[in-house]
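Before any comments, here is the structure.
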Amino acid sequence: MTGLLWLCGLVTVLTTIGVIAVLAVESFEFFAQSKVGVGDFLFGLELKPEASPPKFGILPLIWGTFVIALGSSCVALPIGLMSAIYLSEYAPRRVRGFLKPTLELLAGVPTIVYGYFALLLVTPVLKAILEPLGFRVHQFNALSACIVVGIMIVPLVSSLSEDVLSAVPQGLREAAYGLGATKFEVSTRVVLPAGLSGVFASFILAISRAVGETMAVVLAAGMLPQISINPLSSIETMTTYIIQVIGGEASYGSPKYLSLFAVGLTLFGITLALNILSNLVLKRYREVYQ
Amino acid sequence: MSRGDALYHPNRRLRRLLGPLFGAACFLATLTGVFVLAVFLASILFAAFGGTVQPAWNSFGQSVRDFFGLMARLIGNRQSSNPDIAGFRVGLVGTLWLLGLVAAIGIPVGIGAGLFLEEYAPPGRLKRIVQTNISNLAGVPSIVYGILGLALFVRAFGAKGLALGPSLLAGAFTLGLLILPTIVITTQEALRAVPSSLRQAALALGATRWQVVSGHVLPAALPGIMTGAILGLSRVIGETAPLLMVGAAGSILRLPKGPLDRYTALPVEIYNYAKEPDRQFQMITAGGILILMVLLLTMNAAAIVIRNRFRRGR
């Protein structure tokens with residue numbers, strides 16, 4: 001029996017090895033076949049896999065991913081942090097008992113549903129508000145994707161941050177109240193600094209989730225690899241490119257097909273780095289209380 | 001001392017005012033989530049009603065009847081490019097197959113790994129590495145699992161005999177690996193909550209390690225493990241990107257008969273209908289999402305009920 005359970009544990013390790021092996025082997029194949037340098041791949045400005053000779057510069061994809069991560073953070077980080085403070089410091093027990101499961105439910109909604117939400121409601125509303133003001137809103141635009149991805153990662157920020165804030169010892173709060181601090185002061189100057197490492201860790205995890213988000217972005221942000229600072233135009237992220245290649249007619253083993261693995265490797269590297277960073281922040285800057 | 005001075009605001013009224021204002025702002029921020037969920041469900045329902053809910057009660061009955069007619073048709077019919085007869089039957093069957101296969105293959109492996117790490121693995125460096133690895137796996141984007149599944153299960157690196165092709169089994173393996181970290185972590189948490197006195201008592205009576213685990217620890221931890229399993233399975237229902245990678249194409253009209261058949265899944269069909277520019281498909285897509293959400297909410301509610309019963313029991 002022990003051996004069987006040991007095998008189950010081994011599967012988790014093999015998964016990691018499998019991911020790294022698949023991405024490394026196929027990416028190597030891509031660079032060997034297409035004769036694109038790693039530098040040209042990461043920093044090239046043009047992504048034209050159909051052109052001859054094909055161009056595989058994924059900087060537009062990295063830019064698109066960065067836009068989504070930045071924009072969704074602007075939505076999710078303040079809302080998530082404030083929710084966490086409310087749930088941990090202000091909410092009466094019964095309200096908390098209702099709000100926490102609702103937020104959990106929100107976290108369980110599939111991302112394709114968020115994508116459809118963007119198409120059905122967010123983009124039309126943006127059009128209705130911004131087009132009379134003279135802005136041209138594309139059917140597929142980065143702003144709409146940022147909003148829905150932001151809403152999507154709010155529960156991640158709020159639940160992780162709330163865990164950390166609730167874990168701040170009650171004695172700290174009572175000491176501050178004893179010195180005459182108001183609730184606002186206790187929340188923002190005692191509890192928040194004490195839990196800051198956990199809050200930052202949750203921020204980084206949320207950004208990592210936004211970077212790896214696929215279906216919401218595929219449906220909302222379009223498939224146009226360009227470096228544009230206009231949030232109302234279409235963009236393309238790394239994840240969208242992967243879906244585009246697999247959904248297209250690229251034949252197995254062609255440079256275009258193999259490029260999805262190289263993009264996948266880049267994506268994996270970025271999210272892994274963010275996750276490790278999040279863990280480091282949590283461990284290194286954690287305040288230890290007896 | 002200087003920090004203390006900075007904290008001292010003689011303006012009492014402002015300080016008193018700031019607290020409730022901040023509290024209210026935070027409350028509103030928390031409500032955005034609930035608000036969005038409500039708006040979203042309302043807009044989906046509205047779209048599924050064909051965007052024609054009328055306030056008058058006599059026609060409201062008609063709308064409701066149309067709505068249920070639409071739902072019955074979506075469950076009964078197969079995919080079509082004609083919005084009048086399009087449905088989700090093949091995708092629904094595919095999703096149920098995936099659920100069953102993942103429950104049969106992925107969940108036991110996850111529980112086994114959790115049991116091994118928590119009850120058997122000797123503490124030390126190796127265990128720490130495996131543990132870190134699992135928490136990192138939990139953060140890997142789902143599309144990367146799709147890439148893994150594509151190369152490993154669908155293509156088997158080009159080895160013809162081993163490749164599963166775009167079959168149900170390849171999809172189930174991929175999703176099984178995807179939810180593995182979740183299952184392992186929730187299993188471990190559930191096992192950790194079992195008091196060690198229970199283990200010591202059984203060991204003192206001469207039970208073997210496996211007797212302790214199977215007879216005492218596992219039953220005590222079962223509700224927690226079940227909750228994790230259900231939450232993991234609810235991801236199987238909604239995951240789209242990895243299935244697109246491992247070949248759950250939307251244009252499958254035959255119902256799968258066995259685990260090696262080609263298939264499509266409910267969210268994949270939703271994605272295909274959502275891409276259709278024709279506005280008539282809006283109703284179909286919205287209806288599909290409603291079916292998806294009903295399945296998910298049922299599973300989440302089951303998880304919450306199990307968890308609450310467990311809490312009361314202790």
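Letters A, B, ... are given to chains in the order of the sequence lines, protein chains preceding strands, and every chain is numbered from 1.
- Between chain A and the residues B:N300, B:I147, B:L297, B:I289, the largest count of heavy-atom pairs under 4.5 Å involves B:I147.
- Neither the backbone nor the side chain of A:S278 comes within less than 4.5 Å of any heavy atom in chain B.
- How far CG of B:N136 is from CG of A:N275: 6.0 Å, rounded to the nearest 0.5 Å.
- Using a 4.5 Å cut-off between heavy atoms, A:T271 contacts chain B through its side chain alone, with no backbone atom that close.
- A 6.0 Å sphere centred on OH of A:Y177 holds more than 12 heavy atoms belonging to other residues, nucleotides or ligands.
- Interface remark: of the candidates B:L21, B:V34, B:T132, B:L28, B:V34 forms the most heavy-atom pairs closer than 4.5 Å to chain A.
- Heavy atoms of A:V186 lying under 4.5 Å from chain B are absent altogether.
- With a 4.5 angstrom heavy-atom cutoff, B:A25 touches chain A via backbone and side-chain atoms both.
- With respect to chain A, the highest number of heavy-atom pairs below 4.5 Å among B:E239, B:M293, B:Q282 belongs to B:Q282.
- Enclosure of atom CH2 in A:W6 is not indicated, since only 12 or fewer non-hydrogen atoms of other residues, nucleotides or ligands lie within 6.0 angstrom.
- Heavy-atom distances place both the backbone and the side chain of A:L260 under 4.5 Å from chain B.
- Using a distance-only test at 3.5 Å, with no hydrogens or angles considered, no donor-acceptor pair links the side chain of B:Y120 to the main chain of A:G3.
- To the nearest 0.5 angstrom, A:F184 atom CZ is 4.0 Å from B:L18 atom CG.
- The minimum heavy-atom distance linking A:I112 with B:P267 is given by the pair CD1-O, 3.6 Å.
- The greatest number of non-hydrogen atom pairs below 4.5 Å with chain A, out of B:L180, B:T32, B:L117, B:L152, is found for B:L180.
- Heavy atoms of B:V184 lying under 4.5 Å from chain A belong exclusively to its side chain.
- Residues A:Y86 and B:L31 are not in side-chain contact: their nearest non-hydrogen atoms beyond the backbone lie 4.5 Å or more apart.
- Only the side chain of A:I151 comes within less than 4.5 Å of a heavy atom of chain B; its backbone N, CA, C and O stay farther away.
- The contact between A:E104 and chain B is made entirely by side chain atoms (from C-beta outward), counting heavy-atom distances below 4.5 Å.
- In this structure, A:L120 CG and B:S43 OG are separated by 5.0 Å, a value rounded to the nearest 0.5 Å.
- Closest non-hydrogen pair, B:L137 versus A:T12, comes out as CD1-O, 3.4 Å.
- Heavy atoms closer than 4.5 Å to chain A are found nowhere in B:I111, neither backbone nor side chain.
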Q: Apply side chain to side chain contact (heavy atoms under 4.5 Å, CB included) to A:Y116 and B:T285, showing your working.
A: CA-CA 8 Å; A:Y116 188 61; B:T285 318; 3.6 Å; yes
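- At most 12 heavy atoms of other shown residues, nucleotides or ligands fall within 6.0 angstrom of atom CZ in A:R209.
- For A:I246, the part sitting under 4.5 Å from any heavy atom of chain B is the side chain, from C-beta outward, and nothing else.
- Between B:F40 and A:F117, the ring planes are perpendicular. Angles over 60° get that label, and only those under 30° would be called parallel.
- If you measure heavy-atom distances from B:L231 to chain A, you find no contacts under 4.5 Å at all.
- Taking every heavy atom of both residues into account, B:G112 and A:C8 meet most closely at C-CB, 3.6 Å.
- Of the two parts of A:V19, the backbone and the side chain both hold a non-hydrogen atom closer than 4.5 Å to a non-hydrogen atom of chain B.
- Across all non-hydrogen atoms, the minimal contact from B:L296 to A:G108 is CD1-O, 3.9 Å.
- A distance of 9.5 Å separates CG in A:L87 from SG in B:C26, rounded to the nearest 0.5 Å.
- For a residue to count as touching a neighbouring chain, one of its non-hydrogen atoms must lie under 4.5 Å from one of that chain's; by this rule B:V140 touches chain A with backbone and side chain alike.
- Taking every heavy atom of both residues into account, A:Y90 and B:G23 meet most closely at CE2-CA, 3.5 Å.
- Contacts of A:S208 with chain B are made by side-chain atoms alone, with heavy-atom separations under 4.5 Å and no backbone atom involved.
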Q.
Apply side chain to side chain contact (heavy atoms under 4.5 Å, CB included) to residues A:T16 and B:I134 and explain how you reach the verdict.
A. CA-CA 9 Å; A:T16 310; B:I134 289 173; over 6 Å; no
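- From B:R209, atom CZ reaches atom CG of A:L5 across 11.5 Å, with rounding to the nearest 0.5 Å.
- Contacts between B:R155 and chain A at a heavy-atom distance below 4.5 Å involve the side chain alone, from C-beta outward.
- In this structure, the side chains of B:L148 and A:T15 come closer than 4.5 Å at one or more pairs of heavy atoms.
- Taking every heavy atom of both residues into account, A:S187 and B:F22 meet most closely at CB-CE2, 4.5 Å.
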